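Accompanying notes for the structure given below.
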Amino acid sequence: QVRLVESGGGLVQPGGSLRLSCSASGFTFSSYAMSWYRQAPGKERELVAVISWTGRNSIYADSVRGRFTISRDNAKNTVTLQMHSLKPEDSAVYYCKRGDDWWGQGTQVTVSS
């Protein structure tokens, strides 16, 4: 069955970096665009970044553009979100999503001193 498993979350100080990974299985990974979303307490889930199935095209939320980078490895069935210059407002549960139909369980990112 379809599985998306996020990892790499944790506690980091403002200005720090984290690298999130999403390991996919149970489907033809290279056929799907993949994305990262996040949801902070009391807020709606929002799109962070999306990458095309080839990896050649990506789109970012204005709030993270220039600080975050999404990438994928179709040979390893993984999608990665590299996050730099983290801010407290980046704190949220980060979710991996396949296309428009399948979510991972999420990984917590907390940016705090």
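Here, residue 1 is the first one in the sequence, and each next residue gets the next number. These numbers come from a predicted model, not from an experiment.
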Original post:
Honestly, is Arg38 close enough over Tyr95, meaning NZ or CZ under 6.0 Å from the six-membered ring centre and within 45° of the axis?
Top reply: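 No.
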
Restricting to non-hydrogen atoms, name the atom on [X] and the atom on [Y] that form the minimum distance, rounded to 0.1 Å.
X      : Y     : value
Ala92  : Ala40 : CB-N, 3.8 Å
Gln39  : Lys43 : NE2-O, 3.1 Å
Gly9   : Leu20 : N-CD2, 3.6 Å
Val48  : Val64 : O-CG2, 3.6 Å
Val111 : Ser91 : N-OG, 2.8 Å
Ser35  : Gly99 : OG-O, 4.4 Å

Original post:
So Thr80 and Cys22, side chain to side chain contact (heavy atoms under 4.5 Å, CB included) or not? Walk me through it.
Top reply: CA-CA 6 Å; Thr80 299; Cys22 174; over 6 Å; no

Do [X] and [Y] touch side chain to side chain, with heavy atoms closer than 4.5 Å?
X     : Y      : answer
Leu18 : Val109 : yes
Ser23 : Asn77  : no
Tyr37 : Glu44  : no
Thr78 : Ser21  : no
Cys96 : Met34  : yes

Original post:
Going by the angle between their ring planes, with limits at 30° and 60°, are Phe68 and Tyr94 parallel, tilted or perpendicular?
Top reply: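 Phe68 vs Tyr94 ring planes: tilted.
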
Main-chain N/O of [Y] paired with [X] side-chain donor or acceptor, under 3.5 Å:
X     : Y      : answer
Thr28 : Ser30  : no
Arg65 : Tyr60  : yes
Arg72 : Ser52  : yes
Glu6  : Gln105 : yes
Tyr32 : Lys97  : no

Mind checking the [atom1]-[atom2] spacing from [X] to [Y]? Nearest 0.5 Å is all I need.
X     : Y     : atom1 : atom2 : value
Ile51 : Ile59 : CD1   : CD1   : 11.0 Å
His84 : Arg67 : NE2   : CZ    : 11.0 Å
Leu81 : Thr69 : CG    : OG1   : 8.0 Å

Original post:
Between Phe29 and Val79, does a side chain to side chain contact (heavy atoms under 4.5 Å, CB included) hold up when you go through it step by step?
Top reply: CA-CA 10 Å; Phe29 180 75; Val79 58; 4.2 Å; yes

**OP:** Determine, stepwise, if the pair Gln13 / Ser112 fulfils side chain to side chain contact (heavy atoms under 4.5 Å, CB included).
**Re:** CA-CA 5 Å; Gln13 292 187 342; Ser112 175; over 6 Å; no

**OP:** May I ask whether Val50 and Leu4 are part of the same hydrophobic cluster, defined by side-chain heavy atoms of I, L, V, M, F, W, Y residues being less than 4.5 angstrom apart, directly or through others?
**Re:**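 Per the 4.5 Å side-chain linkage, Val50 and Leu4 are not co-clustered.
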
Subject >> Electrostatic pair Lys87:Asp90 at N-O distance under 4.0 angstrom >> reply: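 Looking at Lys87 and Asp90, the cut-off is not met.
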
